[in-house]
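Following: one structure in structure tokens, then a few remarks.
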Number of protein chains: 2
Amino acid sequence: MTPRHIDLPKLSESGCLATREILERIGDKWSLYVVGSLHTGPRRFNELRREVNGVSQRMLTLTLRGLERDGLVTRTVFHSIPPRVEYGLTELGRTLLEPVAVLIHWANNSRSAIEMARARYDTDKHEVSCSTCNTHRD
Amino acid sequence: MTPRHIDLPKLSESGCLATREILERIGDKWSLYVVGSLHTGPRRFNELRREVNGVSQRMLTLTLRGLERDGLVTRTVFHSIPPRVEYGLTELGRTLLEPVAVLIHWANNSRSAIEMARARYDTDKHEVSCSTCNTHRD
DNA sequence: CAGGATCCCAGTGGATACTG
DNA sequence: CAGTATCCACTGGGATCCTG
């Protein structure tokens, strides 16, 4: 487990910028929930609003617009009365599910470790540093 | 390519919450750059500051503290004069590189598609909707 | 039903100045 | 060198009200 050198293509240059754009796309407060909901099929606006617990109408709209603009989500309008709008994942949007799934696995596997680390950090005043100085602790 | 059903463990429940926490961890403005820099080995504070282009001292500090608190980064203090502090990835931090790498690949592969989608969205007033109404366009 | 328009607040992050 | 402290601007996001 944990090979020493992962293939990180140019994380420190342009690739990183691209990645941060992605993270800002799916890293905002709601995109992931929306994509998660859409994963199992298209939804109407208020369906999403109910499924994505806690989202405001404003943020749902903004989130969907953003995802639509980036070609991850389709928006289909039916000019019926009452109006009906359906949102669904595009091909591109579906490909996003793969990296997200990997991330979710990592999150689930690491959650306890992270929580423990946090607890330790908050308890131990992490003021230890090296005892003899000039020597690595570890 | 693009299998229809990805393994998305409970994206809509707790797994999603955990994932959002992760996204907030690495999805902030600098964490990914820092982890990316640290990927090739430990760094001193000002080394990081130089490598992570554009980061302010304040944000670098906050980012490193956060990563340290979550057990992703180690901080080793040498009480020499001048003071010397080295940051490096922990085991846990290294495991994060895997999902991040997947995400970076997706980002790089999808970037042009996303940019095209954006351009189209901004040009076409995306005011098309269905032409005959009540029928899916697709 | 689907959302646009407003108002407002809290948190994020930048700039600058100071310290051990 | 490696920070801490302060002040401030910007924006993400919630609440509320209004419209086609």
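Residue numbers begin at 1 in each chain, while the letters A, B, ... track the order of the sequences.
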TODO: Answer yes or no: is there a side-chain heavy-atom contact under 4.5 Å between A:T63 and A:V55?
DONE: no

Open item on the list: If I take atom CZ in residue B:R49 and atom C1' in nucleotide C:dA15, what distance separates them, rounded to the nearest angstrom?
Closed with: 11 Å

TODO: Measure the spacing between CG of B:N109 and OG1 of A:T95 and express it to the nearest 0.5 Å.
DONE: 8.5 Å

- [ ] Could you tell me whether A:E86 and A:R84 make a salt bridge, using a distance below 4.0 angstrom between a side-chain N and a carboxylate O?
- [x] yes

Task: Between D:dG12 (P) and A:R65 (CZ): distance, integer Å - done: 17 Å

Produce the list of close N/O pairs, under 3.5 Å, pairing protein atoms with atoms of nucleotides 17-20 of chain C; give distances to one decimal.
from   : atom 1 : to    : atom 2 : distance (Å)
C:dA17 : N6     : B:Q57 : NE2    : 3.0

N/O-N/O pairs, protein side and nucleotides 9-14 of chain C side, under 3.5 Å:
from   : atom 1 : to    : atom 2 : distance (Å)
C:dG13 : OP1    : B:K29 : N      : 3.3
C:dG13 : N7     : B:R58 : NH2    : 2.4
C:dG14 : OP1    : B:K29 : NZ     : 3.0
C:dG14 : OP2    : B:W30 : NE1    : 3.4
C:dG14 : N7     : B:R58 : NE     : 3.3
C:dG14 : O6     : B:R58 : NE     : 3.3

Task: SB check B:E115 B:R118 (cutoff 4.0 Å) - done: no

- [ ] Not counting sequence neighbours, which residues clear ring-ring contact (aromatic ring centres under 6.0 Å, His included) with B:W106? List them please.
- [x] none

Open item on the list: Can you identify which nucleotide, out of D:dC1, D:dG3, C:dC1, has its nearest atom closest to the B:Y87 side chain?
Closed with: D:dG3

TODO: Taking the side chain as every heavy atom from C-beta outward, state whether B:E68 and B:T74 have any pair of such atoms under 4.5 Å apart.
DONE: no

Open item on the list: Quick check: do A:L64 and A:F45 have side-chain heavy atoms less than 4.5 Å from each other?
Closed with: yes

Open item on the list: Without decimals, in angstroms, what is the distance between B:R75 CZ and D:dC1 C1'?
Closed with: 12 Å

Open item on the list: Among B:V34, B:L38, B:V85, which residue satisfies the side chain to side chain contact (heavy atoms under 4.5 Å, CB included) criterion with B:R43?
Closed with: B:L38

